[in-house]
There are 2 protein chains.
Amino acid sequence: MVKYLKIYETIKQRILEMEYRLNEKLPDGASLGKEFDCSELTIKKALDILVADGLVVRKRGSGSFVKRPLNTTTSHLHGTKANAIKHGKEVTSNNLKFEIVPADERIAERLNCNRGDLIYHIIRVRIIDSLPTVIEDTYMPVNILNGLTIEHTQDSIYSFITNQLKLKIHSSTMEISIVKANEIESENLNVPLNDKLVAVEQIVYLDNGDIFEYSISKHTTDTYHFSTNFVRL
Amino acid sequence: MVKYLKIYETIKQRILEMEYRLNEKLPDGASLGKEFDCSELTIKKALDILVADGLVVRKRGSGSFVKRPLNTTTSHLHGTKANAIKHGKEVTSNNLKFEIVPADERIAERLNCNRGDLIYHIIRVRIIDSLPTVIEDTYMPVNILNGLTIEHTQDSIYSFITNQLKLKIHSSTMEISIVKANEIESENLNVPLNDKLVAVEQIVYLDNGDIFEYSISKHTTDTYHFSTNFVRL
DNA sequence: CAGTGGTCTAGACCACCCA
DNA sequence: GGGTGGTCTAGACCACTGT
């Protein structure tokens with residue numbers, strides 16, 4: 001692993017284990033550089049991730065301080081399952097569709113591929129702690145996700161991607177809006193027709209710039225909760 | 001202004017004006033460094049912001065490319081008014097409350113101040129293009145926002161902060177969930193009692209690490225739209 | 001004024017992609 | 001193997017804070 005990530009993990013651990021306490025001042029850059037045997041810039045890089053995580057505030061002229069984050073970080077760069085497990089919940093999936101189809105105009109644009117390229121089209125209902133909670137409509141290029149089977153979709157596609165294929169997820173763009181449940185959604189999520197759902201549209205990028213997922217998830221409003229942290233760069 | 005921000009603005013302009021087109025490869029770091037008379041690291045910093053903006057993908061081994069973002073970027077680091085204006089909409093405000101009160105336990109914790117510190121408590125209904133759209137419940141420390149008047153709240157508090165006080169907004173943490181409208185919300189937003197609203201809870205930080213706002217906004221579901229871009233650092 | 005973080009440079013070395 | 005980005009160093013200088 002890269003040096004600054006190791007340092008990041010170490011300092012994060014110290015904060016989570018209260019070795020560095022709330023509002024406490026961290027050692028300055030030079031001291032940390034000495035401790036971790038690296039340059040101050042590398043320390044800065046590590047601390048910048050903690051800032052992005054919302055765990056640290058850096059004050060020019062006075063120092064870096066531990067900050068209390070609002071949230072318990074549900075990351076949209078992990079799969080539904082990983083997030084649920086982190087909160088100690090059980091997830092099962094109910095496949096409504098698992099097909100390989102050629103990309104139409106709209107999908108090709110979203111996945112930045114050519115029309116006609118082969119695409120997995122997967123529709124799953126995710127059941128979290130026995131409650132149908134999300135219906136996910138997912139498109140993924142076959143040439144990137146080669147070897148994906150219906151068995152993987154029963155478990156976690158994200159684990160297949162990162163553990164089997166050794167691909168690295170880099171970033172995503174997402175949009176949240178509120179929509180009305182159609183008949184299929186109403187049936188599968190066990191809500192009234194036209195009841196409101198939270199729609200999350202997402203495009204997910206790999207490390208190498210390729211797009212591996214375009215998806216639209218619709219969540220029941222009772223269970224949906226999203227938290228994040230912005231930093232103006 | 002800082003060098004890397006200038007470079008960022010310049011390159012962003014080129015992308016928006018299609019001088020660099022969709023999927024086109026940007027010049028490499030060394031060339032850009034020559035053009036802008038700076039080191040490659042400074043170029044990297046500028047491009048990293050474009051990556052965070054979702055306008056650029058950098059591919060190790062092949063180059064940096066212009067990417068089409070999903071969204072039209074509604075930033076939660078700007079105020080309601082600035083965002084509305086960017087989309088060509090009219091905003092007016094209806095003040096339900098403008099008080100100075102001592103911070104109770106909960107507010108003091110959110111604002112990271114002491115119990116009893118004086119706090120502006122402001123409740124406003126924002127009317128966008130003649131439609132009551134958001135009800136905002138805002139708490140701000142008096143010692144930071146000194147001189148804030150009810151006139152400012154009719155317009156844009158954010159503009160007062162950045163233009164008058166010359167403070168710089170740095171980051172925020174936010175949480176989104178769905179709640180049911182109470183009587184006050186129902187009346188002011190003109191929706192049925194218990195109808196669903198999008199609740200956005202936010203803590204906003206200044207450049208110097210101080211918190212200047214804790215707020216809970218409730219949006220009508222028809223109009224709420226949120227988009228963002230994540231990068232795993 | 002001393003302490004601390006932010007920006008910037010010049011250069012080294014490595015990892016990855018593609019022809 | 002040549003092109004390109006990512007990480008890292010050592011050191012300079014500037015901006016802001018608090019005493």
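The analysis underlying the following values was restricted to heavy atoms, covering all of them including side chains, and did not include hydrogens, waters or symmetry mates. Keep in mind it's a predicted model, so treat the numbers as computed, not measured. Reminder, nothing fancy here: chain letters follow the sequence lines and each chain counts from 1.
- In this structure, the CG atom of A:Asp28 is 18 Å from the P atom of D:dT17, given to the nearest Å.
- Annotation: the span from A:Asp48 atom CG to A:Arg58 atom CZ amounts to 6.5 Å, rounded to 0.5 Å.
- Within 4.0 Å of B:Asp37, counting heavy atoms only, lie sugar-phosphate atoms of the nucleic acid but no base atom.
- OP1 or OP2 of D:dG6 has not a single side-chain nitrogen or oxygen of B:Lys59 nearer than 4.0 Å.
- Two rings, from A:Tyr158 and A:Phe212, have their centers less than 6.0 Å apart.
- With distances taken from any side-chain atom of B:Cys38 to the nucleotides C:dC16, C:dT9, D:dA15, the minimum falls on C:dT9.
- Atom CG of B:Leu26 and atom C1' of D:dG3 are 15 Å apart (whole Å).
- For B:Arg60, the listed nucleotide lying nearest its side chain is C:dA15; candidates were C:dC8, C:dG5, C:dA15.
- Taking every side-chain heavy atom of B:Val2 into account, C:dT7 is the closest of C:dT7, D:dC16, D:dG6.
- A salt bridge does not link A:Lys12 with A:Glu17: every distance from a Lys NZ or Arg NE/NH1/NH2 to an Asp or Glu carboxylate oxygen is 4.0 Å or more.
- Counting non-hydrogen atoms under 4.0 angstrom, B:Leu41 reaches a base of the nucleic acid.
- Following rounding to the nearest Å, A:Lys3 (NZ) and C:dA12 (C1') show an atom-to-atom distance of 14 Å.
- Checking D:dT9, D:dG6, C:dC8 against every side-chain atom of B:Arg58, the shortest atom distance belongs to D:dG6.
- Counting any heavy atom pair closer than 4.0 Å across all strands shown, A:Ser39 reaches a base atom.
- Residue B:Thr42 has a polar side-chain atom (N or O) positioned under 4.0 Å from OP1 or OP2 of C:dT9.
- Cation-pi check for A:Lys59 over A:Phe65 is met; the charged atom lies under 6.0 angstrom from the ring centroid and within 45 degrees of its normal.
- Looking at heavy-atom distances under 4.0 Å, A:Asp207 makes no contact with the nucleic acid at all.
- Rounded to whole Å, atom P of C:dG6 lies 12 Å from atom CG of B:Asn208.
- In this structure, the CZ atom of B:Phe65 is 9 Å from the P atom of C:dC18, given to the nearest Å.
- Between the P atom of D:dT17 and the CG atom of B:Leu167 lies a distance of 11 Å, rounded to the nearest Å.
- Regarding A:Lys166, its NZ atom lies at a distance of 14 Å from the P atom of C:dC16, rounded to whole Å.
- Contact annotation: B:Lys25 does not reach the phosphate of D:dG3 (side-chain N/O to OP1 or OP2, under 4.0 Å).
- Both A:Tyr4 and A:Gly61 lie close to DNA chain D; mapped to their nearest nucleotides by heavy-atom distance, the more 5′-ward contact belongs to A:Tyr4.
- If you take CD1 of B:Ile49 and P of C:dT7, they are 9 Å apart, rounded to a whole angstrom.
- Remark: the B:Tyr205 side chain and the B:His170 side chain contain no N/O donor-acceptor pair separated by less than 3.5 Å.
- Side chain to side chain, B:Tyr214 and B:Glu109 fail the donor-acceptor criterion of an N or O pair below 3.5 Å.
- Of the candidate nucleotides D:dG5, C:dG5, D:dT4, D:dG5 has the atom nearest to the side chain of B:Ser64.
- Of the listed nucleotides (D:dT17, D:dT7, C:dC17), C:dC17 has the atom at the smallest distance from the side chain of B:Ser62.
- The 5' end of DNA chain C is approached more closely, in terms of each residue's nearest nucleotide, by B:Lys45 than by the other of A:Lys168 and B:Lys45.
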